[in-house]
Every structure is written in C-alpha cells, then in structure tokens.
Amino acid sequence: MNGPTKSTISKTTKLLLAPKTTRYQSLLKHYGASQSLTRTIQLHAHLITSGLLSIDIRSVLVATYAHCGYVHNARKLFDVLPQRGTLLYNFMIKMYIAKGDYFEAMKVFLEMLGSKDCCPDNYTYPFVIKACSELLLVEYGRVLHGLTLVSKFGSHLFVLNSLLAMYMNCGEVEEARKVFDAMKEKSVVSWNTMINGYFKNGFANTALVVFNQMVDSGVEIDGASVVSVLPACGYLKELEVGRRVHGLVEEKVLGKKIVSNALVDMYAKCGSMDEARLVFDNMVERDVVSWTSMINGYILNGDAKSALSLFKIMQIEGLRPNSVTIALILLACASLNNLKDGRCLHGWVMKQRLYSEVAVETSLIDMYAKCNCLGLSFSVFTRTSRKKTVPWNAMLSGFAHNKLATEAIGLFKKMLMEGVEINAATCNSLLPAYGILADLQPVNNINSYLMRSGFVSNIQVATSLVDIYSKCGSLESAHKIFNTIPVDVQDICVWSIIIAGYGMHGHGETAVLLFKQMVQSGVKPNDVTFTSILQSCSHAGLVDDGLDLFKFMLKDHQTIPNDDHYTCMVDLLGRAGRMDEAYDLIKTMPFMPGHAVWGALLGACVMHENVELGEVAAKWLFELEPDNTGNYVLLAKLYAALGRWEDAENVRQRMDDIGLRKAPARSMIGVGTVNW
DNA sequence: GTAGGGTTAG
C-alpha cells in the first residue's frame with residue numbers, strides 16, 4: 001500500500017488542528033460526497049451521544065443525508081431546523097428529484113417560497129421546473145416561468161433550458177419555441193432539447209430542420225444531438241439524412257454506445273438492415289439495447305426468422321434480454337405462428353422473474369391469441385393484475401382476431417364494470433369485433449358510448465366506426481361519422497374506407513365523387529385507394545370514369561399500376577364488352593401479367609362469348625396456374641355456350657390427363673351448362 | 001450542487 005500523499009497529509013493535519021465541530025463537518029461533507037450512508041448514521045449517533053449536535057452540524061447532516069438519498073432522516077432534521085438557507089432547500093429538492101418524488105420536491109419549494117430568510121436561485125429553478133415537467137403541471141410551470149422573469153435568473157442559461165424541456169414535455173411546443181427564439185445565449189443543450197422536443201411532439205420534420213440550423217450555425221454537436229435527431233430520420237425514413245448524420249458522428253468521433261444504438265435503430269427503421277448490421281457488427285461493446293434494436297429491425301422489415309436467430313445468438317453471447325426484447329421476440333413468434341418457441345419463452349420468462357412486466361404479459365396474451373391458442377391466452381390474462389389497461393386491450397384484440405366477437409364485447413363490458421381505464425387503443429382493439437357481428441344495433445350502442453366518452457375524436461376510432469357501419473351496409477351512418485372528422489384530419493385510410501364502402505355496395509358514382517373530393521382536399525391517393533376506386537367503377541360498370549381515373553393515376557400521380565390495377569381495368573373493359581381494348585391494355589403492361597389479369601379477361605370472354613381472346617387468356621392461365629380447375633371449367637363453359645362440344649370435351653380430356661378432375665365437375669360450373 | 005439523449009407495447 002502507498003503511504004499518504006503530501007496533499008492528504010496537509011489536509012489531515014489541518015483538520016486535526018481545527019476545532020472538533022469543524023472536523024465533524026468536513027467528515028460529513030466527505031461522507032455526503034461519497035454517499036456513505038452507514039458512516040453518516042454512525043457519526044450521527046456519535047454526535048447525539050456526545051452532545052455535539054449544534055445547529056450548524058445539523059444543517060450539514062441534512063445535506064449529507066440528502067446526498068445519500070436517505071429521505072427520512074434528511075426530512076426529520078430539516079423540519080426542525082430554525083434556519084434553512086437556499087442551499088439547504090436546494091439539497092432537499094434535489095434529493096426528491098433524484099428519488100423521482102416530484103410532488104415532494106414541489107412541496108419543499110413551496111415552503112421555500114414561504115420562508116423569509118431565503119429565495120430560489122439559479123440552482124433551484126431547474127430542479128423545480130423539472131418537477132413540473134415530470135408531473136405535467138404546465139400551468140404551474142408557467143407560474144415558475146413568471147417567477148424567474150421577476151427574479152434575476154430569468155435569463156440564466158440553465159433555467160431557460162429547463163423551461164424549454166418543461167414546455168416541450170408538456171406539449172407546449174409554441175411556448176418552447178418562444179423561449180428558444182428569445183434566448184440570447186444558446187448552448188448545445190438548448191438545441192438538443194428543441195430537436196428532441198419537436199420529434200416527441202410529432203414534428204419530426206421540424207426536428208430535422210432545427211438540427212440542420214444547428215449544424216449550419218456552427219454549434220458543436222454532441223452525442224445527445226445525434227441521439228435526438230436520429231429517431232426523426234428513422235421515423236421519416238430519411239435514409240440519406242440519416243447517413244449524413246452518421247457521417248457527422250464519424251467526423252466528430254462521437255463513438256459512444258448510445259450513439260451506435262441510435263444509428264442501428266435509424267438504419268433499421270429506414271429499411272436498411274445491411275447498414276444497421278454493419279454498425280452493430282463494428283460496435284466494440286454491445287448492450288441489450290443494441291441487440292434489441294437489431295431484433296426490432298428484423299421484425300420491422302418482415303424478417304421475424306432472423307430476429308429469432310439473432311435472439312439465440314444474443315443468449316449464446318451471454319446477454320440477458322429485458323422485457324422489451326422478450327416482448328419483441330414474442331411478437332416475432334406470433335407473426336411466425338411459432339407456438340413452440342413462444343411457449344419455450346413463456347417458461348423462461350417465468351423463471352427469470354420478467355413475467356410480471358406488463359409488456360411481457362401483454363405480448364404473451366397476444367402471442368397465444370395470434371397462434372390461435374385462445375385458452376392459453378386467456379389463462380395468462382387471468383393471472384395479470386387486471387388493473388392496467390394494456391393486457392385487457394391485448395385480450396380484446398385476441399378475441400377479435402379469433403372472430404369471437406361476443407366474447408370481446410363481453411370482456412369490454414367487464415372492463416367498464418371493473419373500472420379499468422379505457423383508452424383509444426382499447427377502442428381500436430374492440431371495434432373489429434363489431435365488424436364481425438355486422439349487426440347494426442350493437443354498433444349503434446358502442447357508437448353512442450364512443451360519442452359520449454369523446455373517443456370518436458381519435459382518427460383510428462372514427463375510421464373503425466366508418467368501416468363497421470359500411471360493413472353493416474349503413475352507408476348513411478358511415479358517412480355521418482366521416483363528416484364529423486375534421487377535414488385536415490381525414491387521412492388516406494378513412495377516405496379509402498368510405499370510398500370502398502360505397503363501391504362495395506354498388507354506389508360507384510358516389511365512390512367516384514368522393515374520390516374526386518379526396519384529391520381536391522389534398523389527400524394523395526395510394527395504391528390501395530386506386531385499386532378500390534377502380535374496383536368500384538368496374539362493379540358499377542362506370543367504364544369512362546374508370547378509364548379517366550386510370551389515366552389520372554398514370555399522369556397526375558405517376559403511380560406505376562400494379563397487377564391489381566390492371567386486373568380491375570381488364571375487368572372493367574371486359575364486362576363492358578370492350579374486349580379488344582382490354583387485350584390491348586394487357587399488351588402494353590410493363591411487366592408479365594399475372595393470373596388475375598388473364599382470369600379477368602377469360603371471365604369477360606365467357607360473358608361475351610369471345611372465343612378468340614378466351615383461348616389466348618386460357619393458354620396463359622394454364623401455364624401460370626396449371627392446377628386451377630376453374631380456368632379449364634371457364635374455357636369449357638365458353639365452348640359449350642357456343643355449341644362447340646368437341647372443344648369442350650377436349651378441355652375435359654386435358655383436365656383428366658393432368659389428373660385434375662377429382663370432384664364432379666357439374667358443381668363447379670353450375671347446373672346444366674355443360675353435360676359431361 | 002443545476003438543463004437535454006437510445007430499444008418495445010396493446
């Protein structure tokens with residue numbers, strides 16, 4: 001062991017020469033700094049027995065206990081001190097903040113305001129503002145903001161930064177912006193708070209803009225800056241921007257683990273698993289979050305298998321998964337219908353005491369339900385605490401997924417009776433059940449509940465309602481709900497549903513009208529909307545409208561039509577008897593037409609007794625799906641309709657040759673069409 | 001002694 005150094009000798013010597021109380025005070029400060037609770041308690045006891053507990057010593061003891069996080073003793077001593085300076089109040093507030101007891105922190109602050117001998121300073125405000133932020137007490141936060149303005153700390157950087165964070169955390173983006181713009185001096189923390197705040201409040205684009213401004217204005221970015229901006233890149237799938245940020249990370253050597261984790265997540269969310277993997281593989285040290293982010297990436301990109309195998313490697317490497325990892329892996333099992341691994345994981349989770357985590361319970365309920373093991377799902381559910389909303393939601397969607405509508409609705413009623421908090425996700429899990437029932441009365445009941453409770457203002461809830469009403473055939477009610485959605489909230493989803501609703505029920509004209517309204521309101525149609533509108537035209541026989549829309553799709557939207565779109569168009573033209581146009585369209589297709597396209601043509605040929613093109617379509621169909629009996633039957637039907645019995649017989653022979661005619665053919669083509 | 005940062009979920 002080395003002997004005491006020169007400096008410690010002189011310190012110790014000084015201490016020995018000092019009066020006893022000063023020595024104890026120094027000792028306590030030392031204990032506070034090193035958070036030695038046991039020693040503090042021992043010294044406290046010694047001070048009591050030796051009668052040395054002066055007011056000064058008691059003050060230091062409060063600070064020491066506060067630093068050690070021993071709330072009970074700190075509070076007891078603090079309460080009986082005759083004089084409490086700002087510093088001591090600050091220590092108490094800081095202690096409560098560190099413990100996450102924001103309410104108590106606020107109480108101490110209020111005491112401080114009421115005391116005559118001290119007032120808050122630039123250290124106090126950031127703490128209490130954080131407390132407001134965590135408690136979402138924005139009104140109180142505003143009062144604090146006012147207090148800082150009348151004090152001399154209104155322009156203190158730390159105070160302002162904490163105000164920014166508070167406003168952002170409470171969703172007061174504008175207010176944060178005002179404070180930010182008025183700041184004479186900004187630090188990297190100010191910028192980071194804005195970037196992160198914008199993203200968390202749903203303004204991912206603005207987050208990117210602010211980040212760019214920050215870089216342009218020459219502020220030296222740090223790890224927190226990139227960790228704040230990368231989620232926005234991932235969310236917006238801005239791969240190029242993400243890559244540039246990655247470049248900055250390498251340039252500034254921000255090689256922290258958390259930064260790499262954020263990069264992995266960004267690449268994964270942008271769909272570039274190769275780059276995610278590269279960052280992951282190059283990491284010197286990986287933690288649970290690194291592995292979990294990769295696993296999440298594979299799941300997001302539809303590769304649940306790789307997610308599972310990475311999870312296995314993770315365990316081989318000795319890393320312990322947390323509840324997030326487990327929740328994800330269970331999700332992967334659910335999507336793969338992999339009951340075996342799911343059950344295995346269930347057992348492991350029980351042993352690891354991760355079971356009681358809500359996310360894990362919920363994922364288990366979900367996994368079993370998706371693997372169609374509703375019994376197991378329900379037995380996990382019955383063992384949950386039953387107070388939290390999420391497992392109920394998972395059970396609701398489990399029932400709905402297994403088409404057990406009545407059970408889902410029953411469970412929801414139970415939820416109401418047991419006083420479990422209902423949220424928008426609950427409604428979204430429940431509503432598909434009503435779609436399965438397709439019975440108007442219960443739908444009206446739930447609708448009035450959703451109106452009263454205000455959940456209809458949630459766009460997904462409203463969308464579900466529109467969907468259910470149109471499934472029930474009540475287009476009027478569907479449209480009524482649709483109209484309650486503010487125009488700027490109506491998204492492509494709800495538009496597609498209402499349009500498809502009208503189309504499905506043969507109101508092609510209305511569907512087309514709505515489609516035009518949608519485009520006018522600035523909502524960009526996507527693949528699905530185009531398919532549904534073209535189908536609507538086809539069903540209603542609106543040939544010209546369909547052709548116009550198809551042209552519109554090509555020209556104005558520069559959407560490359562897919563197989564579904566061509567199928568709709570061929571169907572549309574074919575039904576109208578415009579066979580040659582249909583065939584010409586097929587010939588212009590930029591990719592190989594699929595069976596659906598040829599099927600539509602063949603169907604139309606049968607309808608209009610066009611053998612020439614029917615034979616062409618059938619030839620392709622026999623090649624593309626040689627085992628589909630339907631195609632042979634259709635061709636035979638076409639021949640038979642024209643009295644070409646010999647050809648019909650040849651088709652039958654061909655079916656026999658490839659061993660297709662196992663079932664009696666009559667049932668397939670309708671009675672009496674062809675006599676085999 | 002003070003401010004900002006990562007993975008999941010129904």
Side-chain angles (χ1 to χ4, degrees), chain A residues 29 32-33 63 66-67 86-95 97-98 120-130 133 153 156-166 168-169 186-197 199-200 221-231 234 254 256-266 268-269 287-297 299-300 321-332 357-366 369 381 388-398 423-430:
Chain A
K29 278 180 190 165
H67 282 133
T86 302
L87 188 67
L88 220 48
Y89 273 106
N90 287 351
F91 284 153
M92 288 297 286
I93 294 171
K94 186 189 169 194
M95 172 187 72
I97 299 278
D121 64 6
N122 55 312
Y123 290 101
T124 323
Y125 284 116
F127 283 133
V128 283
I129 291 168
K130 186 185 169 71
S133 169
F153 306 109
H156 192 276
L157 182 63
F158 279 62
V159 173
L160 288 167
N161 282 345
S162 55
L163 280 171
L164 288 181
M166 186 272 294
M168 280 301 196
N169 200 35
K186 296 181 181 90
S187 68
V188 61
V189 174
S190 328
W191 288 94
N192 294 350
T193 309
M194 291 304 281
I195 295 166
N196 180 45
F199 175 67
K200 292 230 166 108
I221 63 162
D222 66 5
S225 318
V226 298
V227 172
S228 298
V229 76
L230 284 173
L254 305 170
K256 275 165 103 180
K257 195 160 48 181
I258 184 168
V259 170
S260 302
N261 287 348
L263 281 169
V264 168
D265 177 59
M266 178 276 294
K269 293 221 167 95
D287 62 6
V288 204
V289 178
S290 328
W291 288 88
T292 309
S293 302
M294 272 309 284
I295 288 170
N296 180 39
I299 294 174
L300 282 179
N322 63 17
S323 59
V324 180
T325 329
I326 300 295
L328 283 168
I329 291 301
L330 287 170
L331 187 75
E357 296 252 0
V358 207
V360 173
E361 286 175 336
T362 309
S363 310
L364 277 170
I365 295 170
D366 185 57
F381 172 72
K388 297 217 169 101
T389 308
V390 268
W392 288 82
N393 292 356
M395 200 59 239
L396 282 176
S397 30
N423 60 23
T426 315
C427 305
N428 287 320
S429 307
L430 170 74

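Every chain is numbered from 1 and lettered A, B, ... according to where its sequence line falls, protein lines coming before strand lines.
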field: Counterpart residues, ring-ring contact (aromatic ring centres under 6.0 Å, His included), relative to A/Y89 (two or more places apart)
entry: A/F78
field: Euclidean distance, atom CG of residue A/L396 to atom C1' of B/dA9 [Å, nearest integer]
entry: 15 Å
task: Would you please classify the geometry between the A/F381 ring and the A/W392 ring as parallel, tilted or perpendicular, with 30° and 60° separating the classes?
output: perpendicular
query: Could you give the CD1-to-C1' distance, from A/I329 to B/dT7, as a whole number of Å?
result: 12 Å
message: Whether the side chain of A/N428 and the base of B/dG10 hold a donor-acceptor pair under 3.5 Å is what I'd like checked.
response: no
message: Counting only side-chain heavy atoms from C-beta out, which of B/dT7, B/dT2, B/dA9 sits nearest to A/A359?
response: B/dA9
task: Consider the side chain of A/K200, meaning its heavy atoms from C-beta on, and name the nucleotide among B/dT8, B/dG4, B/dG5 that approaches it most closely.
output: B/dG5
message: Give me the atom names and distance for the closest heavy-atom approach of A/P120 to A/T124.
response: CA-OG1, 3.5 Å
field: Any A/K130 side-chain N or O less than 4.0 Å from OP1/OP2 of B/dG4
entry: yes
query: Rounded to the nearest 0.5 Å, how far does CG of A/N90 lie from OG1 of A/T86?
result: 6.5 Å
query: Do any side-chain nitrogens or oxygens of A/K186 fall under 4.0 Å of OP1 or OP2 in B/dA3?
result: no
message: Between P on B/dA9 and CD1 on A/I365, what's the gap in Å once rounded to a whole number?
response: 16 Å
query: Between B/dG1, B/dG5, B/dT8, which one does the side chain of A/N196 approach most closely?
result: B/dG5
- prompt: So what does A/L328 hit on the nucleic acid, given a heavy-atom distance under 4.0 Å: a base, only sugar-phosphate, or nothing?
  reply: sugar-phosphate
- request: Could you grab the distance from atom CD1 of A/I195 to atom OG of A/S228, nearest 0.5 Å is fine?
  value: 6.0 Å
message: B/dT8, OP1 or OP2 - any side-chain N/O from A/N296 closer than 4.0 Å?
response: yes
- request: Report which part of the nucleic acid A/T292 touches: base, sugar-phosphate, or nothing (heavy-atom distance under 4.0 Å, all strands).
  value: base
- prompt: Counting side-chain heavy atoms from C-beta on, which of B/dT7, B/dA3, B/dG5 comes nearest to A/S187?
  reply: B/dA3
- prompt: Which heavy-atom pair separates A/M168 from A/T193 by the least distance, and what is that distance?
  reply: CG-O, 4.2 Å
- prompt: What residues form a side chain to side chain contact (heavy atoms under 4.5 Å, CB included) with A/L157, not counting sequence neighbours?
  reply: A/N161, A/M183, A/E185, A/S187, A/S190
- prompt: Given B/dG10, B/dG1, B/dT2, which nucleotide is nearest the side-chain atoms of A/N90?
  reply: B/dG1
field: Euclidean distance, atom CG of residue A/L164 to atom P of B/dG5 [Å, nearest integer]
entry: 12 Å
- request: Check every strand shown and say whether A/F127 touches a base, only sugar-phosphate, or nothing at a heavy-atom separation below 4.0 Å.
  value: sugar-phosphate
task: Just call it for A/D287: base, sugar-phosphate, or nothing, with non-hydrogen atoms closer than 4.0 Å on any strand.
output: base
query: Does the ring of A/Y123 lie flat against the base of B/dT2, closer than 5.5 Å centre to centre with planes under 30°?
result: no
query: Among B/dG4, B/dT8, B/dT2, which is the nearest nucleotide to the side chain of A/A224?
result: B/dG4
- line: Rounded to whole Å, the CE-P distance (A/M168 to B/dG4) equals 13 Å
query: Contact class for A/L87 vs. all strands (heavy atom < 4.0 Å): base, sugar-phosphate, or nothing?
result: base
- line: Here the distance between atom P of B/dA9 and atom CD of A/E361, to the nearest Å, is 17 Å
task: Send over the distance from A/Y125 OH to B/dG1 C1', rounded to a whole Å.
output: 17 Å
message: So if I take every side-chain heavy atom of A/H156 and compare against B/dA3, B/dG10, B/dT2, which nucleotide ends up nearest?
response: B/dT2
- prompt: For A/K29 and B/dG1, what is the distance between atoms NZ and C1' respectively, to the nearest whole Å?
  reply: 12 Å
query: Out of B/dG10, B/dG1, B/dG5, which has the shortest distance to the side chain of A/K94?
result: B/dG1
task: Would you indicate what A/S363 reaches in the nucleic acid, counting non-hydrogen atoms under 4.0 angstrom: base, sugar-phosphate, or nothing?
output: nothing
message: Classify A/N393 by what it touches in the nucleic acid, base, sugar-phosphate, or nothing, heavy-atom distance under 4.0 Å.
response: sugar-phosphate
message: Tell me whether the side-chain N/O atoms of A/N192 come closer than 4.0 Å to OP1 or OP2 in B/dG5.
response: no
query: Looking at B/dG10, B/dA3, B/dG5, which one has an atom nearest to any side-chain atom of A/A425?
result: B/dG10
Residue A/V189, side-chain heavy atoms: nucleotide from B/dG10, B/dG4, B/dG1 that is nearest: B/dG4
- prompt: Which part of the nucleic acid does A/A262 contact within heavy-atom distance under 4.0 Å: base, sugar-phosphate only, or nothing?
  reply: nothing
